[in-house]
Peer 1: 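Quick one: the structure is below, and I'll ask about it shortly.
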Amino acid sequence: MVYPSTEQLTKLPKIPLKYSGYCARFKAQSGDDELNTVVADEPYLLLGASFIRNDTSTDIRDEEHHISRDKLITAIPEMASVIPADTSLWQGRSGIRTQTPDYHPIVGQLANSQRRIWTMSAMGAKGYALAPICAEALADMMLGSFAPLSETMLARLSPNRTRLQTPLV
């Protein structure tokens with residue numbers, strides 16, 4: 001797995017963004033197959049949603065494994081007997097997930113640039129849900145076609161909106 005270097009991290013956008021994202025794998029244990037179709041000693045993915053504001057570290061942290069497990073068990077108590085409490089064998093992946101201060105993604109053409117630069121970024125935790133419609137809107141804007149979003153929504157997604165010029169506190 002390749003992680004961003006310190007140099008790459010310093011080149012992150014200078015507009016205010018929030019960072020972080022996490023997921024972890026665990027191995028099914030004997031008896032788990034009584035509740036779900038799993039095979040003992042096979043790895044399974046547990047998606048976590050831990051978020052540490054302004055954290056650009058990509059270290060795998062045992063405490064975040066516990067946070068992810070605790071959140072899942074709080075939401076679905078029955079999972080306590082399925083998800084192992086011992087996270088020492090868990091594998092993890094940590095990445096950088098960008099998000100804007102107003103939680104809206106960035107979609108559109110950058111103003112005042114020497115070249116025509118288009119962007120689609122900062123999907124945050126909603127990327128899976130928002131990326132398809134944002135990609136369609138961006139392609140339509142680039143082609144001069146009718147975008148599938150209202151002008152009001154496109155203004156909220158604009159990379160030139162005022163809120164992006166406000167520093168995070």
Side-chain angles (χ1 to χ4, degrees), residues 1-26 43-72 74-76 87 90-169:
M1 181 166 299
V2 178
Y3 294 104
S5 67
T6 303
E7 181 183 350
Q8 289 170 317
L9 290 173
T10 60
K11 291 181 180 178
L12 289 172
K14 301 302 183 234
I15 59 174
L17 296 172
K18 302 173 185 178
Y19 302 98
S20 193
Y22 199 80
C23 67
R25 289 165 48 113
F26 71 94
Y44 290 89
L45 189 64
L46 167 66
L47 296 176
S50 62
F51 181 81
I52 301 172
R53 188 178 187 148
N54 296 324
D55 182 7
T56 57
S57 171
T58 55
D59 296 337
I60 304 302
R61 302 176 193 142
D62 194 50
E63 62 269 18
E64 291 201 53
H65 286 319
H66 287 286
I67 290 168
S68 293
R69 182 184 185 279
D70 291 347
K71 284 181 180 179
L72 180 61
T74 299
I76 309 169
T87 61
W90 287 20
Q91 298 172 353
R93 179 191 178 284
S94 179
I96 297 174
R97 175 179 66 207
T98 60
Q99 185 169 315
T100 60
D102 61 7
Y103 301 98
H104 295 303
I106 298 171
V107 181
Q109 185 176 10
L110 297 178
N112 304 321
S113 61
Q114 300 277 342
R115 296 178 274 162
R116 294 185 70 185
I117 300 175
W118 298 86
T119 186
M120 185 178 105
S121 184
M123 297 286 154
K126 303 172 195 89
Y128 286 111
L130 296 177
I133 191 74
C134 288
E136 184 177 344
L138 181 63
D140 288 340
M141 285 187 277
M142 293 172 77
L143 296 171
S145 301
F146 178 73
L149 300 171
S150 70
E151 289 297 319
T152 302
M153 182 55 74
L154 290 174
R156 287 183 184 152
L157 304 180
S158 171
N160 309 302
R161 62 189 184 264
T162 306
R163 180 64 175 115
L164 296 181
Q165 311 312 314
T166 307
L168 291 175
V169 212

Peer 1: Taking atom CZ of Arg69 and atom OG1 of Thr74, what is their separation to the nearest 0.5 Å?
Peer 2: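 Atom-to-atom, Arg69:CZ and Thr74:OG1 are 10.0 Å apart.
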
Peer 1: State, yes or no, whether a side-chain contact exists between Arg163 and Thr100 at a heavy-atom distance under 4.5 Å.
Peer 2: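 The answer is no, as the side chains (C-beta and beyond) never meet within the 4.5 Å cut-off.
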
Peer 1: Evaluate the criterion side chain to side chain contact (heavy atoms under 4.5 Å, CB included) for residue pair Arg61 and Asp55; output intermediate values, then yes/no.
Peer 2: CA-CA 13 Å; Arg61 302 176 193 142; Asp55 182 7; 2.8 Å; yes

Peer 1: Could you grab the distance from atom NE2 of His104 to atom SG of Cys134, nearest 0.5 Å is fine?
Peer 2: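 So the gap between those two atoms works out to 11.0 Å.
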
Peer 1: Go through the structure and list residues passing side-chain contact (heavy atoms from CB on, under 4.5 Å) with Arg116, not counting sequence neighbours.
Peer 2: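 Result, side-chain contact (heavy atoms from CB on, under 4.5 Å) vs Arg116: Gln109, Trp118.
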
Peer 1: How close do Thr98 and Ser121 get, counting heavy atoms only, and between which atoms?
Peer 2: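 Answer, listing the atom of Thr98 first, then Ser121: OG1-OG, 4.0 Å.
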
Peer 1: When Ser158 is tested against each of Thr162, Asn160, Leu154 for side chain to side chain contact (heavy atoms under 4.5 Å, CB included), which residue passes?
Peer 2: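 Result for side chain to side chain contact (heavy atoms under 4.5 Å, CB included) with Ser158: Asn160.
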
Peer 1: Applying the side chain to side chain contact (heavy atoms under 4.5 Å, CB included) test to Leu157, which of Leu149, Ile106, Leu130, Leu138 qualifies?
Peer 2: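 Of Leu149, Ile106, Leu130, Leu138, side chain to side chain contact (heavy atoms under 4.5 Å, CB included) with Leu157 is met by Leu149 alone.
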
Peer 1: Rounded to the nearest 0.5 Å, what separates atom CE in Met120 from atom CD in Glu136?
Peer 2: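 So the gap between those two atoms works out to 11.5 Å.
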
Peer 1: Strictly by salt bridge (Lys or Arg N to Asp or Glu O under 4.0 Å), give each pair with a member in residues 144-161 just once, sequence neighbours left out.
Peer 2: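 Checked against salt bridge (Lys or Arg N to Asp or Glu O under 4.0 Å) - neighbours excluded - the pairs reaching residues 144-161 are Asp102-Arg161.
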
